[in-house]
Structures are given as C-alpha cells and as structure tokens.
Amino acid sequence: MDTTARREQWLREVAAAADAAALAALETRLLGPKGEVQELVRSVTSLPKEERPAFGKAANGVKLDVEAALQQRREQFAQQALAAELAAGDFDPTEPGPRPARGTLHPITLVQNELVDLFTSMGFQWEDGPEVESEYFNFDALNIPGDHPARESQDTFWLEPHPGLGRNLLRTHTSPVQVRTMQRLTRHGFHPPLKVIVPGRCFRSETVDKTHEHTFYQMEGLVVDRDVSTANLIHTMKTCLRVILERDVQVRLRPGFFPFVEPGFELDVNCPFCGGKGCPVCKQSGWIEILPCGMVHPHVLREGGIDPEVHTGFAFGMGLQRVVMLRYGIDDIRQFMGGDLRFLRQFPEVTR
Ligand code: PHE
C-alpha cells in the first residue's frame, strides 16, 4: 500500500474540512477505533516479515502527521471562533474570570482565634512552646513525680533518648509552657503580674474513639499576681465560656486532681443542648465537664522563680476540640482530623 499517496490524500482532506464539526467527523473516520489511519497501521501484520520494519515506520509517520494536521486545523477553527465572537462584540474581555475556590479555616482555628482575641483583649499575652518537650518541663517541673501514672508509656509518646540529654517526648499538655514562661521572665528580673495563654497541639498515646484523639489542641492559661484567688479563676472562666458558647452560662466546680495545682478543679458548664434538664449529651446530668483548672501549686511557682509567699496564681487547660464540639454540636472528635472536606466546608469563612 502506498503510504505516501494516502498521506497526501488525508492531509488534503484535513485542510479542506469546512468547519469544526466536519473536522471532528473526519477525525473519527481517520483515527477512530476502525479509522482508516488505524487500519493502515494495523495492515503491517499482513506483510511478509522483511517488509514490516520499513512499512511500520512509514505508517506510524503518516499517523503522526495526520494527528498534527488535525490539531493545527482545530486550533485554527478555535481562533476563528474567538475572533468572530470578539468582532460581534458579545465577548467582554474585562469581565472577571471564574473565581478560584477559596479555602476556609479549620473549626479549631476559628475557635482558637476567637479565644486568643478575647484573652488578649483582657490583657493576656500569647506564649508558645515546643511540641517536642523535655521530661523536665512536661513532668518534673510540674510537680509530677517519677512514678506518676501519666508517665506510663501508654499515655506518653517518648522519643529516642539522646546520650547526655534528658529524655524527650511529645508534650502531653500545654502546661509545660507555664514553667517555661515563668523561668524566662523571672530570669530577666521580671516579676508578676503575669497573664498568658498558650494555644497548642498536644499528643497522647490513646486509642482513638468518638471522644479521644491521639493529637489534640489545648489552650493553657496562667495568671500570677498578688492575691489571685479562686474567685478570679471562676470569673475569668465564666467570661470565656459565655463568649465562646454565645450564651449565658452557669458553671460549677468539682474537685479534680492535677499535681501542679492545689486545689485542683474540674469546671463544668450547664449543658447547652438541654439547658440543664438532662439529655444524652450530658448523660442526663445537666452538666458538661469542660475544663480542668486550679490554683498553681507552690512548687510550680518556685520552679518558675516566683515566691509563693508573695504571689499566687491560677491555671487552666482548655481542650479546644471539646469547646468546638459544644459550640457547633459535633458529636465525633475524629471529624477534626478525618480530612473529609464536606465536614470542613460547613464552617463559615472568616476574613481577618
Ligand atoms: N494540663 C492538664 C491536662 O492536660 C490540664 C490542666 C491545666 C489542669 C491547668 C489544671 C491546670 O490534663
């Protein structure tokens, strides 16, 4: 079969196609599954063995040429169509193009931003601390003795020890930043009052379920001054919960044990879902446990370089996911890290 003649013939036909529709039909006729060009390429199998390489090469060359010619002609038609549209004046080149999809902030970030705004407006400073923490700041400095169950490997992600350095871990709470902050300030001769918040990511070796995550966010708060009392703690917490849950709240304190506070409390808020009457979310109690807190233990103040005879303080450790769940009525903590965009897109876009 004469590949040269076929090639000329097809290229003429492509050049003669009257419009885009005719060109598309021609393309199917030539390159479709049973197309003429495809047949030519396939016909190599019917030739004697010695003729195959040369013919195969020629046939493939024809196919490439036809494809290129079709492509070129398609572009010509597209250009012509655009020129016609412009000439007719129906096309407005100043009209903005399609808007790129815009991301939204993660619900934890939204709530964290609100809390940071609120606390900074009350005179708190934002402190930061490392996620890879030393055993000293995460435990010892916080009056958590070596045999405390919180150090057990099922709770803490320990890191490979470095010879000569203490053991490191992924911080299990934001409380280590309490002593970090106090030490940094007192080392430079600064004395209370001091008011800080520490939003941050924490890690615990937990089995993940509806209410537990191995990676979670806390916001620590620490206030140290003369005559700081439990009344100050309650007032601050009530203000914070009222703003973040967007309603008037009642709170109650129950004793809670944390080695770095004395006395320590669990602060409960009246259930936002039933208003305190009792429902499945609050397990019929009318109250939801929301944040552990307490008066800073004298050992911890002393470790931070502050004299507990002169100054007292309170601290709290708010679980951010928990607050977000209450705020938006989310019942499964795994949603936050699950990466499901349908979940994430439900939260209002905010520009700050
Ligand atoms: N760090 C504690 C925890 O994660 C919470 C806490 C913070 C308790 C501050 C009291 C005071 O469990």
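Remember, it's 1-based here, ligands and their atoms both numbered in the order they're listed.
In terms of N/O distances under 3.5 Å, ligand 1 is not approached by Thr172. Polar contact with ligand 1: present for His173 (N/O pair, distance under 3.5 Å).
Contact annotation for Cys293 and ligand 1: only backbone heavy atoms (N, CA, C, O) come within less than 4.0 Å of the ligand. Looking at Phe316 against ligand 1, only its backbone comes within 4.0 Å, counting heavy atoms. Heavy atoms of Arg171 found under 4.0 angstrom from ligand 1: none, in either backbone or side chain.
Side chains of Trp10 and Glu36: a donor on one and an acceptor on the other come within 3.5 Å.
Ligand 1 does not have Glu266 within reach: every non-hydrogen atom of the residue lies 4.0 Å or more from it. Assignment of Phe260 to the shell around ligand 1 is supported, since a heavy atom sits closer than 4.0 Å. For the pair Ala315 and ligand 1, a heavy-atom separation below 4.0 Å is found.
At the shortest separation from atom 5 (C) of ligand 1 among protein heavy atoms lies Pro292 CG, 3.6 Å. When only non-hydrogen protein atoms are considered, atom 12 (O) of ligand 1 lies nearest to Arg204 NH2, 3.6 Å.
Taking the six-membered ring for Trp and the full ring otherwise, the centers of His235 and Phe314 sit at least 6.0 Å from each other.
Proximity annotation for atom 7 (C) of ligand 1: of Gly317, Gly256, Gly319, Gly317 comes nearest, heavy atoms only.
Atom numbering of ligand 1 starts at 1 in the shown order; those under 4.0 Å from a heavy atom of Gln218 are 3 (C), 4 (O). Close contacts between ligand 1 and Glu220 involve ligand atoms 7 (C), 9 (C) [criterion: under 4.0 Å to a heavy atom]. Near Ser175, the atoms of ligand 1 lying under 4.0 angstrom from a non-hydrogen atom of the residue are 1 (N), 7 (C).
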Derivation and outcome, ring-ring contact (aromatic ring centres under 6.0 Å, His included), residues Phe124 and Phe316: CA-CA 13 Å; Phe124 284 71; Phe316 59 87; 7.1 Å; no
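Using a 4.0 Å cut-off between a side-chain N of Lys or Arg and a carboxylate O of Asp or Glu, Glu114 and Arg327 qualify as a salt bridge. Between Arg167 and Glu135 there is a salt bridge, with a side-chain nitrogen of the basic residue lying less than 4.0 Å from a carboxylate oxygen of the acidic one. At a threshold of 4.0 Å, the pair Glu213-Arg204 does not count as salt-bridged, since none of the basic side-chain nitrogens sits closer than that to a carboxylate oxygen. A salt bridge is absent between Glu127 and Arg180: the closest approach of a Lys/Arg side-chain nitrogen to an acidic carboxylate oxygen does not fall below 4.0 angstrom. Using a 4.0 Å cut-off between charged nitrogen and carboxylate oxygen, Arg73 and Glu27 do not count as a salt-bridge pair.
In this structure, Val41 shares a hydrophobic cluster with no other residue, the cluster being traced through Ile, Leu, Val, Met, Phe, Trp and Tyr side chains under 4.5 angstrom apart.
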